[in-house]
Amino acid sequence: MTSLTMRAGLWLVLAVLAVFASALAADSGFAVHMGIVALAALLVLVFTLRSADYEGIARGVLRMPDQGKYDDDPIRWGVIATVFWGMAGFLAGVFIALQLAYPMLNLEPYLNFGRLRPLHTSAVIFAFGGNALIATSFYVVQRTCRARLAFPWLARFVFWGYQLFIVLAATGYLLGITEAKEYAEPEWYVDLWLTIVWVAYLAVFVGTIVRRNEPHIYVANWFYLSFILTIAMLHLVNNLSMPASLLGSKSYAAFSGVQDALTQWWYGHNAVGFFLTAGFLAMMYYFVPKQAERPVYSYRLSIIHFWSLIFLYIWAGPHHLHYTALPDWAQTLGMVFSVMLWMPSWGGMINGLMTLNGAWDKVRTDPIIRMMVMALAFYGMSTFEGPMLSVKSVNSLSHYTDWTIGHVHSGALGWNGMITFAAIYYLTPRLWNRQRLYSLRMVNWHFWLATVGIVFYASSMWVAGIMQGLMWREYGADGYLVYAFSDTVKAMHPMYIMRAFGGLLYLTGGVIMTINVWRTIAGHLREEAPMTETPHDAAKDKPIVAQPHATPAE
């Protein structure tokens with residue numbers, strides 16, 4: 001029996017089992033999800049049987065001629081998926097921001113704020129950010145190890161399996177299927193599927209490093225590996241649960257009370273620390289030197305940055321639980337480690353910015369470099385603000401207010417968004433073998449729309465949050481609270497409109513990026529005055545000659 005026949009048989013069996021599970025489901029949500037699984041399995045079965053070739057528009061877009069050195073097809077798919085899910089997440093974010101300003105936009109039961117809010121967070125973190133991390137990690141590990149992806153069929157399973165996870169999670173939120181855990185809302189069977197996909201991801205990444213032809217393991221791979229391993233550990237522990245039925249969507253968490261809260265925020269803060277920080281720092285350590293054509297400022301500092309960040313971050317979660325039933329010593333421990341995190345975080349920011357030594361003129365002429373610099377600036381600002389907010393006296397004012405929302409989004413939109421946009425703009429012409437991007441001036445428009453959007457968003461939420469905190473703690477001469485909760489909501493209405501406007505600007509920048517990327521893939525070149533003296537020529541892309549191990553090899 002051939003490998004192709006075995007794979008086809010496996011997907012057929014999975015489709016049949018999913019159909020039976022849908023028919024026997026204990027609830028309608030589980031039935032819908034099993035129907036989605038059956039449909040996905042049948043689609044994979046069809047493509048497996050027709051795997052000899054792609055027809056029509058797929059040729060040249062999803063698949064390029066095999067150039068022998070690297071396996072880039074899953075990376076191309078990842079770039080397209082990143083742009084697609086990014087737009088979906090940004091659109092959902094603007095809509096829920098408008099819902100807070102105009103409650104009549106809550107459309108029951110599927111499109112209310114309670115269901116769309118986790119849809120938005122998961123779309124931007126796991127769909128947009130996750131696809132960016134998978135795609136860039138596959139790109140970086142091949143170039144820095146001078147080796148093709150290990151287990152190419154498994155790499156393709158990782159990509160498509162991850163898309164299925166995203167679809168199951170998103171539809172689950174709209175149907176009300178959730179474990180009600182921040183950043184960990186999917187139910188037990190979706191968690192199991194993600195575990196399988198993540199183990200496959202780890203196997204591909206580690207397998208590629210093991211078969212490397214470059215003796216040195218570049219630091220970006222250290223950050224990617226820590227992100228993959230730690231997220232796996234966090235996911236397994238925090239999502240321990242017992243299903244109420246093997247054919248139903250409901251489950252009960254293994255932990256309860258304060259233990260559940262501590263486990264959740266050990267997971268939640270380290271999801272930020274390793275998914276949204278360590279993984280994106282790996283992108284920074286590869287793409288900033290490559291775009292700037294300069295060596296990393298200090299390779300030793302990058303190693304110190306790595307180990308100090310890894311050891312400190314894992315203990316910082318309890319700062320989310322100040323003034324709760326969590327023991328005071330655990331709260332203080334989280335605060336102390338959070339404050340200590342400021343040092344390695346700024347060490348990484350300084351290392352990234354100082355990499356531009358001798359290339360600062362490119363900030364004026366290269367909008368992609370400008371995006372990278374802005375990303376590092378927001379990384380530095382967020383990693384100063386975060387430790388500050390973890391201090392108990394500050395947290396007593398900021399906690400449960402929109403100040404936290406402003407802090408999260410200045411990091412997510414400024415750091416994660418900007419560095420991802422820059423990576424997409426770097427990768428697209430190279431992956432599709434184009435001379436350059438369709439339009440550098442559109443990148444410039446994207447940069448300014450995104451930057452101004454972040455300013456409107458974050459500043460309005462900072463003002464709203466501090467105002468909330470001060471109004472909530474205002475007592476009159478009689479000892480009673482001066483303001484009702486409704487008073488704070490009314491006072492924040494202008495800030496909510498400003499936030500929605502900032503989100504709309506950011507979304508508009510995303511639309512411009514989508515057009516730019518698509519036109520680049522299609523092979524179009526916009527006639528415009530060049531912003532750089534030497535536009536990128538993919539045919540002449542060469543590795544940087546610099547001190548040993550200071551720059552990513554290619």
Side-chain angles (χ1 to χ4, degrees), residues 2-8 10-11 44 47-48 51-52 54 62-82 129-165 193-233 235-236 274-275 278-283 285-287 290 306 423 426-427 430-431 543 549 551-554:
T2 66
S3 174
L4 179 65
T5 305
M6 291 178 63
R7 292 203 304 272
L10 176 64
W11 292 116
V44 174
F47 279 103
T48 299
S51 61
Y54 293 92
L62 299 179
R63 196 172 179 217
M64 298 288 285
D66 187 359
Q67 298 177 358
K69 193 174 183 182
Y70 301 124
D71 182 7
D72 284 341
D73 279 347
I75 305 168
R76 294 185 188 92
W77 308 341
V79 167
I80 294 171
T82 300
N131 272 294
L133 288 169
I134 292 173
T136 57
S137 65
F138 283 169
Y139 183 89
V140 170
V141 75
Q142 291 186 91
R143 269 71 182 176
T144 55
C145 293
R146 303 183 191 275
R148 283 176 69 90
L149 283 177
F151 318 118
W153 64 271
L154 201 56
R156 284 149 179 80
F157 168 77
V158 169
F159 174 79
W160 292 111
Y162 196 71
Q163 307 316 303
L164 178 59
F165 157 72
W193 176 251
L194 179 59
T195 303
I196 295 169
V197 172
W198 210 256
V199 170
Y201 180 26
L202 176 64
V204 174
F205 192 83
V206 173
T208 307
I209 292 177
V210 168
R211 62 188 295 185
R212 70 188 184 276
N213 295 310
E214 172 70 36
H216 179 75
I217 300 177
Y218 185 65
V219 68
N221 293 321
W222 294 37
F223 278 96
Y224 277 127
L225 188 58
S226 70
F227 138 69
I228 298 170
L229 286 171
T230 309
I231 291 300
M233 175 182 68
H235 173 75
L236 288 173
F274 288 88
F275 202 99
F280 287 86
L281 284 170
M283 292 165 61
Y285 272 117
Y286 182 86
F287 292 107
K290 293 298 286 187
F306 172 81
Y426 176 92
L427 288 173
R430 291 164 172 82
L431 289 172
H549 311 323
T551 55
E554 185 167 341

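Residue numbers start at 1 and run along the sequence shown.
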Pair Tyr224, Val140 - check side-chain contact (heavy atoms from CB on, under 4.5 Å), show working. CA-CA 10 Å; Tyr224 277 127; Val140 170; 3.9 Å; yes
Restricting to non-hydrogen atoms, name the atom on Lys69 and the atom on Arg148 that form the minimum distance, rounded to 0.1 Å. O-CG, 2.8 Å
Nearest heavy-atom approach of Tyr70 to Gln142 is CE2-O, 3.3 Å
For a side-chain contact (heavy atoms from CB on, under 4.5 Å) with Phe138, tell me which candidate from Asp71, Ile75, Asp73 qualifies. Ile75
Is there a donor-acceptor contact under 3.5 Å linking the side chains of Tyr201 and Ser137? yes
Thr208: partners by side chain to side chain donor-acceptor pair (under 3.5 Å), with sequence neighbours left out: none
Should Leu164 and Trp193 count as side-chain neighbours, where that means a heavy-atom distance under 4.5 Å? yes
Tyr285, Phe274, Tyr286, Phe280 screened by side-chain contact (heavy atoms from CB on, under 4.5 Å) with Phe223, the one that passes: Tyr285
Side chain proximity check, Arg156 to Val44, heavy atoms < 4.5 angstrom: no
What is the minimum heavy-atom distance between Tyr218 and Trp222, and which atoms define it? O-CD1, 3.4 Å
Does the side chain of Phe205 come within less than 4.5 Å of Leu149's, by heavy atoms? no
Let me confirm one number: the CZ-OG1 distance from Phe165 to Thr195, rounded to the nearest 0.5 Å. 9.5 Å
Please check if the side chain of Asp72 supplies one atom and the backbone of Leu431 the other of a donor-acceptor pair under 3.5 Å. no
With a 4.5 Å heavy-atom cut-off, do Asn221 and Leu225 have their side chains touching? no
Beyond-backbone contact of Glu214 with Thr144, side-chain heavy atoms, under 4.5 angstrom: no
Taking C-beta and beyond as the side chain, do Phe157 and Val204 meet within less than 4.5 Å on heavy atoms? no
Ignoring hydrogens, what is the shortest heavy-atom contact between Ala150 and Gly207? Give both atom names and the distance. CB-C, 3.5 Å
Partners passing ring-ring contact (aromatic ring centres under 6.0 Å, His included) against Phe159 (at least two apart in sequence or in another chain): Trp77
If I compare all heavy atoms of Asn131 with all of Gly78, which pair ends up nearest, and what's the gap? CB-O, 4.1 Å
As an exercise, state the distance from CZ of Arg430 to CZ of Arg143, rounded to the nearest 0.5 Å. 10.0 Å
Tell me every residue that passes side chain to side chain donor-acceptor pair (under 3.5 Å) with Arg212, counting only those two or more places apart in sequence or in another chain. none
Intermediate values then yes/no, side-chain contact (heavy atoms from CB on, under 4.5 Å), Ile228 and Leu133: CA-CA 10 Å; Ile228 298 170; Leu133 288 169; over 6 Å; no
For the rings on Trp198 and Phe227, is their centre-to-centre separation under 6.0 Å? yes
